[in-house]
Amino acid sequence: MTTTAKQRPTLSTTTGAAHARIWGVGGYRPERVVTNDEICENIDSSDQWIRERSGIITRRQAAPAETVVDMASAAALEALKAAGLTASQIDTVIVATVTHPYQTPGAAPMVADRIGATPAAAFDISAACAGYCHGIALANDMVRCGSSQYVLVVGVEKLSDFTDKTDRGSAFIFGDGAGAAIVGPSDFPGISPTVWGSDGSKWETISQRNSWIEVRDHNVEWPAITMAGQSVFRWAVYSMAPIAQAALDRAGIKADDLDVFIPHQANMRIIDALIKQLKLPEHITVARDIADTGNTSAASIPLATQRMLDSGEAPHGGLALQIAFGAGLVYAAQVIVLP
Ligand code: UT7
């Protein structure tokens, strides 16, 4: 015998804003500056090699007691101030991080509570260095579909907790910090369609060394993040330029229309190679925050954005292409109107 559903009522749905934009950005850089010479106390390397191969001169390191939630909250409060909003206006908090040291709960509910955004929806996303651009993509869609009016997106990392100080391939590259943006309604398109994707076949090229199960059952070393640097370098240089170009195409603009290029701060040589491959005109200002911030993974793009806006290097209301890539491997790129 078959049964048929009873007359089904139509569900109500939401309608969002016509467009979304970034209302404000904020950043937090820990106080302690770590030089290349200090890094070289634990690895066979030199200040000159690190500068030449990565472009990094110094990076910041969080204090031992300073947490991902502390740094994220500081950046979030700055972003709120820049946006001219209060925490109670935030409907959703998205925290992009791979260094919150709790498997559960996520950092986002704690950040929401800390800044006074409760009962905002709050969740973490794990998209490594591309986490912030994934968050901006989600926030854009949420505002436009009506599930949120204002979304706080934070990229935050305390990589010093997950870096092996004696690993020559990664010890010099990572830094700590947090960057945040508020996405809200707009009467013009302020965030272009995102071009994003993944290649999980390359997951081992950047990964924590051991799974938590291996740590528990086999007494292996702390699961620091390690990287097959050269493979990731090649992938970033050759595969990410077409993604950046695709983001420009999806935005309906040409490279010449850009004011600023804000790539993930992974390595100065990757930044230079992307500029060359994209044939970026010289008038475009390029983020080079990596020199004294290091590679802060999910925090790198919002930190660079905040610095460029604050210093006047990037014009308020200008167009910026941002592209991020990292562990997964995953990537995301979009054009934004700077707040
Ligand atoms: O943020 C997420 C995505 N991450 C990235 O995009 C990072 C991508 N990778 C990189 O940025 C670069 O691969 C690194 C900066 C990590 C390394 O630079 P590289 O130019 O790719 O170095 P390499 O691994 O090809 O090594 C070149 C040489 C080797 O020596 P030989 O074989 O040429 O004699 C290494 O043994 O440099 C040596 N080397 C070092 N020397 C001094 C490797 N690491 C070091 C070191 N200090 N720390």
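For the single chain, residues carry numbers from 1 onward in sequence order. Just follow the structure's listing: the first ligand is 1, and inside any ligand the first atom is 1.
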Exercise. Below 4.0 Å from any atom of ligand 1, is there a heavy atom belonging to Ile50?
Worked result: no
Exercise. At a 4.0 Å threshold, what atoms of ligand 1 neighbour a non-hydrogen atom of Asp44?
Worked result: 42 (C), 47 (N)
Problem set entry | Distance from atom 17 (C) of ligand 1 to nearest protein heavy atom, with residue and atom | Trp49 CH2, 4.0 Å
Exercise. Have Asp176 and Ser160 got a donor and an acceptor in their side chains that come within less than 3.5 Å?
Worked result: yes
Exercise. After noting the C-alpha distance and the side-chain angles of Arg307 and Asp292, does the key distance pass the salt bridge (Lys or Arg N to Asp or Glu O under 4.0 Å) rule?
Worked result: CA-CA 12 Å; Arg307 172 176 275 179; Asp292 63 5; 2.8 Å; yes
Exercise. Do you see a protein non-hydrogen atom under 4.0 Å from atom 28 (C) of ligand 1?
Worked result: no
Exercise. Quick one: does atom 34 (O) of ligand 1 have a protein heavy atom under 4.0 Å from it?
Worked result: no
Problem set entry | Selection from Gly326, Gly229, Ala324 by shortest heavy-atom distance to atom 9 (N) of ligand 1 | Gly229
For this session: Measure across Leu338 and Ile262 and return the closest heavy-atom pair with its distance rounded to 0.1 Å.
Result: CD2-CD1, 4.5 Å
Exercise. What is the closest protein heavy atom to atom 18 (O) of ligand 1, and at what distance does it sit?
Worked result: Arg269 NH2, 3.5 Å
Exercise. Any protein heavy atom lying closer than 4.0 Å to atom 7 (C) of ligand 1?
Worked result: yes
Problem set entry | Atoms of ligand 1, numbered as shown, that sit under 4.0 Å from any heavy atom of Ile173 | 11 (O)
Problem set entry | Backbone of Ala108 reached by a side-chain donor or acceptor of His100 within 3.5 Å | no
Problem set entry | Trace of the side-chain hydrogen bond (donor to acceptor under 3.5 Å, both in side chains) decision for Gln306 with Glu78 | CA-CA 10 Å; Gln306 182 237 14; Glu78 265 212 11; 3.0 Å; yes
For this session: Report the nearest protein non-hydrogen atom to atom 25 (O) of ligand 1: residue, atom name, distance rounded to 0.1 Å.
Result: Gln230 NE2, 2.5 Å
Seminar exercise, completed: Note: Trp196 and Ala137 closest approach over all heavy atoms is CZ3-CB, 3.7 Å
Exercise. Between CG of Asp47 and CD1 of Ile50, what distance do you get to the nearest 0.5 Å?
Worked result: 7.0 Å
Seminar exercise, completed: The atoms of ligand 1 lying under 4.0 Å from a heavy atom of Ala266, numbered in the order shown, are 1 (O), 5 (C), 6 (O)
For this session: Start with the C-alpha distance between Lys158 and Asp70, add both sets of side-chain angles, then the distance that settles salt bridge (Lys or Arg N to Asp or Glu O under 4.0 Å), and finish with yes or no.
Result: CA-CA 10 Å; Lys158 190 179 178 188; Asp70 294 336; over 6 Å; no
Problem set entry | Nearest-contact summary for atom 48 (N) of ligand 1 - protein heavy atom, Å | Arg168 O, 3.0 Å
For this session: May I ask you to list the atoms of ligand 1 that are less than 4.0 angstrom from any heavy atom of Arg53?
Result: 15 (C), 20 (O), 27 (C)
For this session: Look at ligand 1 and say whether Cys129 reaches it with a heavy atom at a distance under 4.0 Å.
Result: yes
For this session: Compute whether any side-chain donor of one residue and acceptor of the other, for Gln89 and Gln149, lie under 3.5 angstrom apart.
Result: no
For this session: Decide if the gap between the ring center of His264 and the ring center of Phe325 is smaller than 6.0 angstrom.
Result: yes
For this session: Provide the number and element of each atom of ligand 1 under 4.0 Å from a heavy atom of His264.
Result: 1 (O), 2 (C)
Seminar exercise, completed: the protein heavy atom lying closest to atom 5 (C) of ligand 1 turns out to be Val232 CG1, 3.6 Å
Seminar exercise, completed: Between Thr293 and the options Arg59, Arg60, Arg29, the side chain to side chain donor-acceptor pair (under 3.5 Å) test singles out Arg29
For this session: Heavy-atom contacts with Met227 under 4.0 Å: which atoms of ligand 1 show up? List them by number with element.
Result: 4 (N), 7 (C), 16 (C)
Exercise. For ligand 1, which part of Phe233 has a heavy atom less than 4.0 Å away: the side chain, the backbone, both, or neither?
Worked result: both
Problem set entry | Proximal atoms of ligand 1 relative to Phe172 (non-hydrogen, under 4.0 Å) | 15 (C), 16 (C), 48 (N)
Problem set entry | Ligand-side contact atoms (ligand 1) for residue partner Ile270, heavy atom cut-off under 4.0 Å | 6 (O), 8 (C)
Problem set entry | Nitrogen or oxygen of Ser54 less than 3.5 angstrom from that of ligand 1 | no
For this session: Indicate whether the side chain of Thr296 and that of Glu157 have a donor and an acceptor atom separated by less than 3.5 Å.
Result: no
Seminar exercise, completed: atom 11 (O) of ligand 1: closest protein heavy atom, distance to 0.1 Å, is Asn267 ND2, 2.7 Å
For this session: Mind telling me whether Trp235 and Tyr331 have parallel, tilted or perpendicular rings, with 30° and 60° as the class edges?
Result: tilted
Exercise. Is Ser45 close to ligand 1, meaning an N/O of one under 3.5 Å from an N/O of the other?
Worked result: yes
For this session: Answer yes or no for Arg51 and Trp49: cation-pi contact, defined as NZ/CZ to six-membered ring centre under 6.0 Å and angle to ring axis within 45°.
Result: no
Exercise. Measuring to protein heavy atoms, does anything land under 4.0 Å from atom 44 (N) of ligand 1?
Worked result: yes
